[in-house]
Each structure stands twice: as C-alpha cells, then as structure tokens.
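Working notes for the structure below.
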Amino acid sequence: MGGLTRREIIQLSGGGAAAAVVGSGLLTNWWGLDANQPMDPKTDGETVVGSICELCFWKCGINVHVKGGRVTKVEGNPKHPLSRGRLCPRGVGGPGLLYDPDRLKTPLIRVSERGTQRFREATWDEALDLIAKRFKEIAATHGPESIAMFQHGFGATWFVHLMKAFGTPNLAAPSYAQCKGPRTAAFNLTTGSHLGSPESVDIANSRCLTFLGYHLGENMHNTQVQDFSTALKNGGQLVVVDPRFSIAASKARHWLPIKPGTDIALLLAWINVIIEEKLYDRDFVAKYGHGFDELKKHVADKTPEWAWTQTTIPAAKIRETARFIAGFKPASLVHPGRHVTWYGDDTQRLRAVAILNGLLGNWGRKGGFILPTNIALEKVPTPTYPKPKRAVADRPRGKVIPLASAPLAAGVRDASIPGTADYDIKAWLVYGTNLPLSLPEPQKTREALQKLEFVVAIDVLPAEIVGWADVVLPESTYLERWDDLYNPTYEQPFVALRRPAVAPMYASKPGWWIAAELGKRLGLGAYFPWKSARQYVERRAKLSGLDFEALVRDGVIVGKRQPVTVEEGVALTFDTPSKKFEFYSDDLKKAGLDPLPVYTPHPEPPEGSYRLLFGRAPQHSFGRTANNRLLAETYAENEVWINADVCRSLGIKDKQRVVLVNQDQVKSLPVRVKATERIRNDCVYMVHGFGRREKKLRQAYGKGASDSELVTRSVQDPIMGGTGMNVNFVRIERA
Ligand SMILES: Nc1nc2c(c(=O)[nH]1)N[C@H]1C(S)=C(S)[C@@H](COP(=O)(O)OP(=O)(O)OC[C@H]3O[C@@H](n4cnc5c(=O)[nH]c(N)nc54)[C@H](O)[C@@H]3O)O[C@H]1N2
Ligand SMILES: Nc1nc2c(c(=O)[nH]1)N[C@H]1C(S)=C(S)[C@@H](COP(=O)(O)OP(=O)(O)OC[C@H]3O[C@@H](n4cnc5c(=O)[nH]c(N)nc54)[C@H](O)[C@@H]3O)O[C@H]1N2
Ligand code: SF4
Ligand SMILES: [Mo]
C-alpha cells in the first residue's frame, strides 16, 4: 500500500519549522497581511505562514513558504489534524492558481448582450455601486427573495452573511443536491446524524472497508487517503463495487464490477444474506434497532440469485462478500460515499447503505462510524437577519419534496426561467461555483442566464460563469486573504485560521472586503461591524477563549481529543423520531414514500450507446484546477475510458480521438480514448472538469471533453431533490 502513499500523496518533510520562530508584534497593513511573518530557520530567509488550503473543500492546514514577496512552495502543516504534514497533489499545486496568468485582474462590466463576451475594465467603486443600485431596484420591484446566491467554498461565508442580511432565502450550492445531499437525508432519517464533512468515519482503524463507487485514491480527500493507506498497511481488507477498476479496486480483495445503477439490488441481497445467516450484530439490533422485522420481511426474497439477474454479479460472489464484510463487524465500514447523486433513487440507496452499517453494529464504534465533536465558537455579534417573506423558490409550483434540508441549486436555476416556480428569480450573485459545469441540464442554465435581469460573478478565474455575468468581481485567492475561522466536527477537534501569505495581486480584493463594501452600499453596514477580517477573526477567537497569537503562529489550535466511540465510553443516542436506529422509517411512510429501500431497474443504454459515468483525477478538483499550469504538467486533459472489446468492435484504437454524442445529439469536443479492460462494456468514464470552451482559460481551453455538456438529463430524487446525473447515454464517433 506504500505505493498509494508515494504515488498519490506528495509527502513533504514539513517539520515543525513554522512554530519555532515567531515574529514579535503582529503588525498589519490594510489588507491584514502580517508584516512580521515567522521565519523558517531551515531555509534561506523564507517566511512560513500557516493557513488553509482551498484547492478543494476539505480545508487542509498548509504552511506557505514565502520569499521576497513570492510564494515558493506550499506544504502540509504538521500540526493540523487534516493534513498531518502532507498535502494531496492539488494542495501542493496551489501556487499554480496564485500565479495563473489568466486570473481575473480588475472588476469588469459587460458592454454587450449577455452570452457574448465584451467587457470593459471598471473601478471597484463603479462595479460595487452598480451592483448595489441594481440589487436595490430589483428588490424594490420583486422583493429581496428574487435575488439568489449560488456558492461553493469557504470564502462564501461573508456573502452568505450579506445575502441573509439582505433578506433572501435562496442561497444554494451545487455541493448539496448535485453532491452529498442524498447521503445527508438518508443518514438523518436512519441515524439522526448527517455525517458532516469531514465524514465521521474511522477509516484508519477499519478492518474491512467497502466502497460503492467511492473512488478514494482518485478522490483525493487528503486525510481519508492517509487513513486508507494506514488501514491497508495494518491489514485492513477492502471490497470495491464499481463498474470500473478504480485505483481503490486495484488494492481490493474483492472487486465487484457491478452493472451501473443496480447497487440497491446488491445492497438488499447483502442484507438478505446477513439476516438469513444471522451474521448481524444481534445486540445492536435488539437494543437500538427500529423496524428490524419489517426489514427482514422486506428482503426475504431479495436473494443473491435475484440480485445476480440485476447486477450481473454472480450469486456466489454476493454471498461470499456478504459473509466477508460481516466477518469484520463492527470494525467493518461500508463507506457512505460523497458524490452520491447518481440515479434519482439515491436517498434510498444511501438508506440501504446506512441500514447495512446498522446491521454490522458499527455505529459509534472503532473502525466504523465515530461520534465526533467540535470546538464551539462564539459569533461576533451582528443584528439578527430579517425573516424572508417568501419560502425558497427551488421547485415547480405545488411540487412537494419532503426532506430537502438545503435549497436545491438546480431548482433555483429553474425558478429563474419565468413562470415555473411560485415566484421568479430575477438576479444571481454567484460566488466560487461554475454553474455551467456543475449543474445538470446545462441547456436550462443557459436559458436562465439569458432571462435573468442581472448577474454578478465573484471568481478568481475567467470561468464559464464569468462570461455570463453583467458585473465580474476578481477575488484574491486563498493565499492572499483572511477568511473566517474553521471548526469542523472531527475526531480531533480543532480551530484553524486562513490568513494571507502574500498581498493581493492586481486589483483583486478579498471576499470579506467585497461583502462589507456591498453591505455598506446596500444599507447593511451594521452587519459588518469590523474594519478588517483580521480584526473580525481576532475578536471571534478572543470571544471564544482562543489564544489568537497561537492560532496565527501555528495556523491551528488543536483541542483535547474527546471520546468518540462506545469503546471509549460514549453512550449511543439517535436523534430520530423513534430515538432508535431506523431500519424502517415512519417518516418516509407518512410522506407517502417507501419506508424501506426499494430497488427499481433503471433504463439501460440502447444498442450502440453507453452509459456516461464520471469521476475525479488525483491531480485536479472539478473544473477549478484545469487551468492550473503546475497541475497540468502531470494531467493536462482527460480521456474517455472505453472497454477494449468495445473499441475493437468499433474499430477504435487506444489514444485515438473520438467525439461522444449523447441521446439529445449534444456532441463533446474530441477526446482521447483509453482502451482498457478496466471498465465494463456498457459504460464509458471520464474525469469531470475538462473540455473547456472558455478561450480566456488559455491552458484548459479545448483540452479533453466535458461530461457536463453531455449531462442534458437528470432524474430528481423524490425525497430530497438531488439530481441523479448518471442517466445519460452516449454514442462514440470518430473525431
Ligand atoms: N457533470 C458533473 N457535474 C457535477 C459534478 C460532476 O462530477 N460532473 N460534481 C458535482 C459535485 S460532487 C460538486 S461538489 C459540484 C461542485 O461544483 P462547483 O460548486 O461549481 O465547484 P467548483 O467546480 O470547484 O467551482 C469552481 C469555481 O470557483 C472558482 N474559484 C476557485 N477558487 C476561488 C476563490 O477562492 N474565490 C472565488 N470567488 N472563486 C473561486 C473557480 O474559478 C470556478 O469558477 O459539482 C457537481 N456537479
Ligand atoms: N482529486 C479530487 N478529489 C476530490 C474531488 C476532486 O474534484 N478531485 N472532489 C471532491 C468532491 S466534492 C466529492 S463529492 C468527491 C467525489 O468522489 P466520490 O464520492 O468518490 O464520487 P463517486 O461519484 O462515488 O465516484 C465515481 C466512481 O463511481 C463509479 N460509479 C459510477 N456509477 C456507478 C454505479 O452505478 N455504481 C457503482 N458502484 N459505482 C459507480 C465510477 O466508476 C467512479 O469510480 O471527491 C472529492 N475529492
Ligand atoms: S485535500 Fe488536497 S486540495 Fe483538498 S484541501 Fe487538502 S490539500 Fe487542499
Ligand atoms: Mo462534491
């Protein structure tokens, strides 16, 4: 397993250097950059700034090395529980974003029709005044609710605050209904816990890990990859269910190349075997289980022989793996995955995953799910938010989606096409999310963008969404700004700080400043009672009883590790209606939905078509890094994985370029073929985030193909509104 560590994580020496020498007085200039950075004694006059990575949303602790005002390298902060001195390749490549020559450099104001790309450079005053004027006009006519915000990333906190103060409930993020939303709903229903991020799983101590789709090792959540490596090194076993032989599959004892879309059948059959053969944790079920008898009845005919007809996995293999997984309980973790919006019945699939875990009795157990805490933080007092006069506009008029726990981004997008929802959305503020790539049905995103009255984009790069904006605001990157304090629930509770390593380049400004300036212009100045983010975080830290100097010095304050498992003395409680672990959900029954997970076959690709699947590359984060020249050195464009037999039958060769054409005749850019035995013959696979058509992204432009363009259809989850996107089929044509 050492191989995965060496190859997939760039291990850095790091050392405790940053902590050794600390600048005395922390002098600050206007943007809050410390004039006295601590020096790294091991290097030639470099300063080292502890901060938080933003190349993805895991938020590892980083030590940023700076010399002569330039960032020389980024390393993992050894004191930070999420990085432990190491970063993933993307984190190391952070300077590639800071020094990206294509960065947005000044505010821009559109001078042509939306959708065409003519802008003029503007001053910050002009740009901010225009936004405030338009927001006030639109709110006066249509109400503040008609202005929606879309967001992703830690820096969004300032804008969420602003828009809540402004009075809109329409604050949406594709990282919910296009990502982990179904998992949130399923685990809330079953256990009363939403799992959080980082997920409360004890991968390192697991004796058997089961991944359904979850492609850790390509999905590079740093801490989990380290824990995964530890588990395997310690003899932990691995079962991978994936139509594709992923990196994880290559480490697995059992690889189950399942027919895409049939995971619920496999899960029900595993549950069947575990119940029939009494392999489940009988104490856990007796003490905490709700509805076990109904579950038992429900799966009685879901035999491995039945599941074989759906999944194509031989019945003997299903039986063998059920016994194998159960053999390691309770330190047997069926990982809940993260990007789980696949087929529209995703909450039910994740319910089946939760139920299986319950049978293994691994809730609150070492090597299973743990029950972590966080270090609570006080708020810096600001006025209370106004109560929005109207509910979120994220579903068609009259449509009930009972368990959405956050606004649905695709739904808010649809409400921007006039006449579809209870009221129309008229303007967007888009922060750090590239909606043309991240929402399904990009044709609807285009239509909404054409019909809106006003669009603002706050970004660091000329991403596709930026081309649609009326006003573009260039934000400083994470290496140039302060942000809020970060205190997730985690096995080892901690509070971390993001602060700038270098001054903002060009005319870019940090988000905290942009939000406060907009606040002032919108008459919401009282919500921003601080002169700088530095002053804000210092105040917040002090109110919370934290040593701010230590936080600045180390980038992180690590709290006392609390008990997180039954073994360590934690008592199990379940915040569900029955106060038990709900195998059977009365809430779903009441809502007219299946109280136990039901398997439904999904439409299969027609003859000559293949299901389009997608995922991650270790070197990239979605589309946000495709233009990063440091990361492009090892991965500049994606390829399409096609089964080698399929290639032979189509007369297509490895590395040849093809065009994918989907069921709605949408064509991809030409993309290189990876002809491989490592994928089934009924699907193709590519890494998300490539095939970019924005010319201003000079590195990424035209390289590879875009899965997003081909996802012109999605299926909505009736429970929480997630958009299943693995439902598109493509033909393969020679380029
Ligand atoms: N087709 C398809 N769709 C998907 C997925 C998929 O695999 N395929 N994945 C889904 C998943 S799991 C998720 S979580 C979502 C994620 O989708 P998004 O929320 O859109 O996330 P990103 O692609 O990371 O968004 C990146 C945008 O943020 C900008 N950005 C980067 N850093 C900063 C910064 O510091 N400040 C500001 N203001 N902007 C910044 C980038 O330039 C880019 O425009 O997409 C979902 N949609
Ligand atoms: N390097 C890197 N790491 C990342 C990210 C990134 O952009 N880059 N993004 C982060 C984010 S926001 C998220 S949400 C996660 C996403 O990462 P995951 O949660 O791991 O995403 P999945 O969609 O589960 O993973 C895709 C895998 O599912 C398989 N698959 C597709 N269809 C099926 C099916 O029907 N059944 C089964 N069993 N498998 C199937 C695909 O072959 C592929 O191997 O990654 C995170 N980590
Ligand atoms: S997982 Fe990688 S990209 Fe994400 S925060 Fe950590 S180092 Fe940065
Ligand atoms: Mo995600």
Side-chain angles (χ1 to χ4, degrees), residues 8-10 12 52-62 74-77 80 82-83 86-94 97 152-154 173-181 183 197-199 210-226 240-249 255-267 311 313 335-343 346 349 353 438 478 486 602 611-626 631 635 641 678-680 682-689 724-727:
E8 305 299 351
I9 305 177
I10 297 182
L12 300 158
I52 301 176
C53 184
E54 184 79 15
L55 269 283
C56 85
F57 309 99
W58 198 251
K59 304 185 201 61
C60 295
I62 51 176
V74 180
E75 298 185 320
N77 180 348
H80 195 290
L82 293 187
S83 39
R86 292 189 281 174
L87 300 179
C88 86
R90 302 166 294 160
V92 176
L97 171 65
H152 202 182
F154 193 43
S175 51
Y176 176 69
Q178 282 66 47
C179 178
K180 59 185 168 350
R183 182 185 87 182
S197 173
E199 292 85 11
T210 301
F211 293 166
L212 295 115
Y214 197 62
H215 60 332
L216 198 58
E218 285 152 295
N219 152 2
M220 280 306 286
H221 281 159
N222 183 12
T223 331
Q224 287 201 353
V225 176
Q226 295 183 28
V240 171
V241 181
D242 198 312
R244 186 180 64 96
F245 191 71
S246 58
I247 289 182
W255 172 47
L256 278 56
I258 195 168
K259 184 202 281 183
T262 65
D263 293 68
I264 295 182
L266 173 69
L267 286 159
T311 60
I313 309 293
H335 197 287
R338 188 162 174 122
H339 172 238
V340 293
T341 46
W342 292 351
Y343 302 97
D346 305 300
R349 187 180 72 254
V353 169
S438 50
Y478 71 107
Y486 179 51
H602 297 290
R611 189 181 296 276
L612 174 67
L613 303 179
F614 39 83
R616 313 288 181 228
Q619 300 90 332
H620 285 283
S621 285
F622 327 94
R624 61 166 45 211
T625 55
L631 299 177
Y635 194 107
W641 293 41
R678 290 171 52 188
I679 188 163
R680 288 173 59 99
D682 51 4
C683 51
V684 298
Y685 173 86
M686 65 166 99
V687 167
H688 172 60
M725 302 193 282
N726 292 10
V727 298

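Whatever order the structure lists them in is the order used to number ligands and atoms, beginning at 1.
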Checklist outcome for this item: Residues with a heavy atom under 4.0 Å from ligand 2, by chain and number, are Arg90, Cys179, Leu212, Gly213, Tyr214, His215, Glu218, Asn219, Met220, His221, Val241, Asp242, Pro243, Arg244, Ile258, Pro260, Gly261, Asp263, Arg338, His339, Trp342, Tyr343, Leu613, Phe614, Arg616, Ala617, Pro618, His620, Ser621, Phe622, Tyr685, Asn726
Checklist entry - Are any N, O or S atoms from Cys53 nearer to atom 2 (Fe) of ligand 3 than 2.8 Å? => result no
Checklist outcome for this item: re atom 4 (Fe) of ligand 3, the protein heavy-atom contact at minimum distance is Cys56 SG, 2.3 Å
Checklist entry - Which ligand 3 atoms, with their elements, are less than 4.0 angstrom from a heavy-atom of Met220? => result 1 (S)
Checklist entry - Counting from 1, what ligand 3 atoms have a heavy atom of Arg90 closer than 4.0 Å? => result 1 (S), 2 (Fe), 3 (S), 4 (Fe)
Checklist entry - Backbone or side chain, does His221 get an N/O/S atom under 2.8 Å to atom 6 (Fe) of ligand 3? => result no
Checklist entry - Would you call Ile264 and Tyr343 a side-chain contact if the rule is heavy atoms closer than 4.5 Å? => result no
Checklist entry - Taking Arg349 for the side chain and Val340 for the main chain, is one N or O donor matched with an acceptor at less than 3.5 Å? => result yes
Checklist outcome for this item: min-distance protein heavy atom vs atom 2 (Fe) of ligand 3 -> Cys88 SG, 2.3 Å
Next on the checklist: Between Ser83 (side chain only) and Gly61 (backbone N and O only), is there a donor and an acceptor less than 3.5 Å apart?
Outcome noted: yes
Checklist entry - Counting distance only, does the side-chain N/O of Arg611 pair as donor-acceptor with the main-chain N or O of Asp682 below 3.5 Å? => result no
Item to check | Worked verdict on Cys88 versus Val225 for side chain to side chain contact (heavy atoms under 4.5 Å, CB included) | outcome: CA-CA 9 Å; Cys88 86; Val225 176; over 6 Å; no
Next on the checklist: Contact between Ser438 and Gln178 at the side-chain level, heavy atoms closer than 4.5 Å - yes or no?
Outcome noted: no
Next on the checklist: So that I can tick it off, tell me whether Glu199 and Lys180 are bridged by a salt bridge, with the cut-off set at under 4.0 angstrom between side-chain N and carboxylate O.
Outcome noted: no
Checklist entry - With a cut-off of 4.0 Å, which atoms of ligand 3 are near a heavy atom of Lys59? => result 5 (S)
Next on the checklist: Under a plain distance cut-off of 3.5 Å, with no hydrogens placed, do Arg90 and Ser621 share a side-chain donor-acceptor pair?
Outcome noted: yes
Checklist outcome for this item: Leu87 heavy atoms within 4.0 Å reach ligand 3 at atoms 7 (S)
Next on the checklist: Can you classify the ring geometry of His339 versus Phe614 as parallel (below 30°), tilted (30 to 60°) or perpendicular (above 60°)?
Outcome noted: tilted
Next on the checklist: List ligand 3 atoms under 4.0 Å from Asn222, heavy atoms only on the residue side.
Outcome noted: 1 (S), 6 (Fe)
Checklist entry - For the residue pair His221 and Trp58, does the interplanar ring angle fall in the parallel (under 30°), tilted (30 to 60°) or perpendicular (over 60°) class? => result parallel
Item to check | Identity and distance of the protein heavy atom lying nearest atom 6 (Fe) of ligand 3 | outcome: Cys60 SG, 2.3 Å
Next on the checklist: What I'd like to find out is whether the side chain of Pro260 reaches to under 4.5 Å of the side chain of His602, using heavy atoms alone.
Outcome noted: no
Next on the checklist: Out of all atoms in ligand 3, which are within 4.0 Å of some heavy atom of Leu55? Include the element for each.
Outcome noted: 3 (S)
